[in-house]
Amino acid sequence: MKPGDIDIDALSSFNDAHNNVINFLINNVQTGSLLNLIQEHHNNLRIDNNFKVYYALGDTVYSLNDINNNSTLKEIANDLLKNMGNKLTLDDIITAADSFSSAAQKLSPENQDLLRAVLKAYGIQNYTPTNGGGTSDGGAIGGSSSSGGTEVTEVGTPVASSNVDLTKETVVASSDNAISLDVPAGVLSNNDGSTFKVSINVLDDAQAKAIADKVNTASLTLLGKVYEFYFKATKDGKDTYITTFDKPITVKLSLNGIDTTKYDQKKISLFKIDNDTAIYKGGKYDKTTNTITTKLYSFSTYALMFYNKTFKDISNHWAKSDIEYMASKHITDGITSDTFNPEGNVTRAQFAAFLIKLLNVPYQTKTTPFTDVKSSDWYYNDVTTAYNIGLVKGVSPDKFAPNDNITREQMAAMALDALKYMGKDTTINQDEVTKFLSQYKDANNVSSWAKEAVAASVKYNIMNGMTQVTYSPLSTSTRAQAIAVISRLFDMQ
C-alpha cells in the first residue's frame, strides 16, 4: 500500500463522526463513571432496550439490585472490581447506572438509537431479561440461588445424576451414553460443609421445538435434544444452585442418530441457549467415538447445533476448508458478513484473540506490563488473558505492539505456547532444532529467540515453510495462513 492509496478525506470524516458520537454520549449522558465502566468493564455490562444496566458474573447476568441484595454476589462483584485494578465499587456502578438510565430515557428516539449504536461499538451486549423483570435468569440454572431469596425450579426430565465429592473426579452419564459430564476434583475450591449433586435433565420434544423455532437461522440448526445441567449444593436443608466453577467440567455428547450426510460433524458444536439466543460454547469432533466434546465453566441450557458459514471471496481459495471450519467454531469472522479477505494482514492482537477463542479460556483480570494495551481497546481482555496464561510476550518489557502485523516467527512462538497450554508435548532438543531449520535456505533469518519455536512448529506440524526451501520467518502472515494454523491447533486439542 502506498500513501496515495489512503483516502485522507474519508479517514478524517470517519474520525470526526466517531468523535461526534463520543461527544454526544458525554454531553447527553452526564455520567463519567459510566464512561469509565464502559472502558473498564464492557465485557461485564449488559444493557436492555430501556437502558437499564445489568452486570455479568461468569455466564450469568444479574440485575444490579439482585447483586446488591445478595451478600455473596455483592462480595464476588466487589472482589472482581478490586482485581481489575481500580477503585470502583458496586455502589459506584449502581449510582452510575441509575444516572445513565435516567438520562438515556429522556433522549429523543433518534438519539436513543445513536446511543445504542455507541454502546454496541464499545462491545456492550444488549440484554433481554426474562419476563421483562429485574432478575437474572429466572428459574433456570444461572438464576439466583435459594439462599438469595429466589426459588430455582428444575425443568426437564432427569436422565443422569450423581453426588459429587469435591476431592474426587466424578463422571455423570446417561444410561445410553448419549451424554456425560466429567466433573474434576477441585471443581470448587471452597467447601462450607454442603453436599453436592450434579444432574442432567432433558427437555421434552415440545419444549425443544419451541427453542429450535426461535434460535434456528439459515446457517444455524439445532440438532437433537436440549439439556439443562444443574449443580446443586445443599446445607441445612437449603439448596443453592452453583453456576460457575473454579475448574471446567467436560461435557461429551454423542452424534449417533444425527444424519451425517446432511451435517458435517466437524461443524457441530455445543451452544448455550440464553434468552432465545444461541451462544457458542465450543466443541471438538472425535471421529473414533462419534462425539462432540467441550469444557464448560458454568451451567445453563445447552444443545448441539450445526453452524455453516462461508464467504464469497474464498470459493477458490486454498484455505477455504480451514476458514469455514474455524468460522463454524466462532473463532473467526469475516471483515463483512459475506467477505473474509483471506490475503489481508493479521495483527499481533488479532492472533492473540484467535488463540483465546480457540482455547475457550475465561478472561483473566490480572494486569499486564504493557503500556500500549489499554482497557478501552477491543483486544484488552484477549491480550491480557493471553499474557497471563503464558501465550504471548511483549516486543519489549512494556510494549506489546498490538497493532503491528504479526510475523511468521512470532506466530510460531504463540502457537507453540498455545499447544503447551493444552498440555501437549512441545519438547525439542538442539539436534532437532538444527535438523528442522537446516531444510530452509533462509534459516539464518530466524531471530535467535525464535529458533526453537520455529523448529518446533515444523516438528509438530503447526506451521510449514512458505515453500519447500524457505520458511520466511520475518514475513507477515495473511488471515488465511493464521486461520490455517488455528485450525491445526484446534484439531490437536
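In this text the structure is predicted, and so the values were computed from the model without any measurement.
- Atom OG1 of Thr217 is separated from atom OH of Tyr307 by 7.0 Å, given to the nearest 0.5 angstrom.
- At least one side-chain heavy atom of Leu359 sits less than 4.5 Å from a side-chain heavy atom of Met422.
- We find the CG-CD distance between Leu355 and Gln350 to be 12.5 Å, quoted to the nearest 0.5 Å.
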message: Thr250 vs Thr293, test: side-chain contact (heavy atoms from CB on, under 4.5 Å). Steps then yes/no.
response: CA-CA 7 Å; Thr250 301; Thr293 302; 3.5 Å; yes

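- Judged purely by atom type and a 3.5 angstrom limit, Tyr280 uses its side chain to pair as donor or acceptor with the backbone of Lys329.
- A heavy-atom distance below 4.5 Å is not found between the side chains of Pro473 and Arg408.
- In terms of modelled atom types and a separation under 3.5 Å, the side chain of Asp313 and the main chain of Asn341 share a donor-acceptor contact.
- Looking at Lys451 and Glu409, no side-chain N of the basic residue comes within less than 4.0 Å of a carboxylate O on the acidic one, giving no salt bridge.
- The closest side-chain donor-acceptor pair between Lys252 and Thr291, if any, does not fall under 3.5 angstrom.
- For Ser487 (side chain) and Ile483 (main-chain N/O), no donor-acceptor pair under 3.5 Å exists by modelled atom type.
- Taking 4.5 Å as the limit, every side-chain heavy atom of Ile406 sits out of range of all side-chain heavy atoms of Thr347.
- Annotation for Leu358 and Ile486: closest pair CD1-O, 4.0 Å, computed over non-hydrogen atoms.
- Taking NE2 from His317 and CZ from Phe340, the interatomic distance works out to 9.0 Å, rounded to the nearest 0.5 Å.
- Note that CG of Asp417 and OG1 of Thr426 are 8.0 Å apart. Values are rounded to the nearest 0.5 Å.
- Checked options Phe354, Phe271, Tyr325, Phe490; the residue passing with His330 is Phe271 (criterion: ring pair (Phe, Tyr, Trp, His ring centres under 6.0 Å)).
- Ion pair Lys266/Asp491 flagged as a salt bridge, since at least one NZ, NE, NH1 or NH2 atom sits closer than 4.0 Å to an Asp/Glu carboxylate oxygen.
- Judged purely by atom type and a 3.5 angstrom limit, Lys309 uses its side chain to pair as donor or acceptor with the backbone of Ser337.
- With contacts defined as side-chain heavy-atom distances shorter than 4.5 Å, the pair Tyr471/Ser457 qualifies.
- Salt bridge absent: Lys399 and Asp372 never bring a charged side-chain N and a carboxylate O closer than 4.0 Å.
- Contact record, Met492 with Tyr460: CE-O, 3.1 Å, taken as the closest heavy-atom pair.
- Residues Leu270 and Leu253 have side chains in contact (heavy-atom distance under 4.5 Å, counting atoms from C-beta outward).
- If you take CG on Leu181 and OG1 on Thr170, they are separated by 11.0 Å, rounding to the nearest 0.5 Å.
- Asp322 has no carboxylate O lying under 4.0 Å from a charged side-chain N of Arg488, or vice versa, which leaves the two without a salt bridge.
- Closest non-hydrogen pair, Ala352 versus Ala386, comes out as CB-CB, 4.3 Å.
- In this structure, the side chain of Thr294 engages the main chain of Lys281 through a donor-acceptor pair within 3.5 Å.
- Proximity of the aromatic rings of Phe299 and Tyr241 is defined here by a centroid distance below 6.0 angstrom, and this criterion is not met.
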message: What verdict does the side-chain contact (heavy atoms from CB on, under 4.5 Å) test give for Tyr302 and Val251, after you've listed the backbone C-alpha separation in whole Å, the side-chain angles of each residue and the deciding distance to 0.1 Å?
response: CA-CA 10 Å; Tyr302 295 94; Val251 56; over 6 Å; no

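- Side-chain N or O atoms of Arg348 include one that pairs as donor or acceptor with a backbone N or O of Phe400 at under 3.5 Å.
- In Glu452, the CD atom is not crowded: 12 or fewer heavy atoms of neighbouring residues, nucleotides or ligands sit closer than 6.0 Å.
- Put simply, the side chain of Asp182 does not reach to within 4.5 Å of the side chain of Val172, judged on heavy atoms.
- Side chains of Phe229 and Leu296 form a contact here, defined as non-hydrogen atoms less than 4.5 Å apart.
- Glu343 and Thr478 share no donor-acceptor pair across their side chains, judged by distance under 3.5 Å alone.
- Lys459 places a side-chain N or O within donor-acceptor distance of the main-chain N or O of Thr427, the cut-off being under 3.5 Å.
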- request: Apply side-chain contact (heavy atoms from CB on, under 4.5 Å) to Leu489 and Leu419, showing your working.
  value: CA-CA 7 Å; Leu489 289 172; Leu419 196 63; 4.1 Å; yes

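- For the residue pair Thr221/Asn216, the side-chain donor-acceptor check at 3.5 Å is not satisfied.
- Nearest heavy-atom pair, Ser269 versus Gly282, reported as atom, atom and distance to 0.1 Å: CB-O, 3.6 Å.
- Looking only at distances, a side-chain donor or acceptor of Thr384 sits under 3.5 Å from a matching main-chain atom of Tyr380.
- Looking only at distances, a side-chain donor or acceptor of Gln410 sits under 3.5 Å from a matching main-chain atom of Thr407.
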message: Between Asn461 and Asn464, does the side-chain contact (heavy atoms from CB on, under 4.5 Å) criterion hold? Intermediate values first, please.
response: CA-CA 7 Å; Asn461 198 33; Asn464 298 306; 3.5 Å; yes

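- With respect to Tyr363, the side-chain hydrogen bond (donor to acceptor under 3.5 Å, both in side chains) criterion is satisfied by exactly one of Asn381, Asp382, Asn388: Asp382.
- Contact between Val383 and Val392 at its shortest, heavy atoms only, is O-CG2, 4.2 Å.
- Contact check for Phe245 versus Val187: side-chain heavy atoms found under the 4.5 Å cut-off.
- Interatomic distance, Asn308 CG to Leu220 CG, rounded to the nearest 0.5 Å: 10.5 Å.
- The minimum heavy-atom distance between Lys247 and Ala185, with the atom names listed, is NZ-O, 3.2 Å.
- Counting only distance, with no hydrogens or angles, the side chain of Lys357 and the backbone of Thr332 share no donor-acceptor pair below 3.5 Å.
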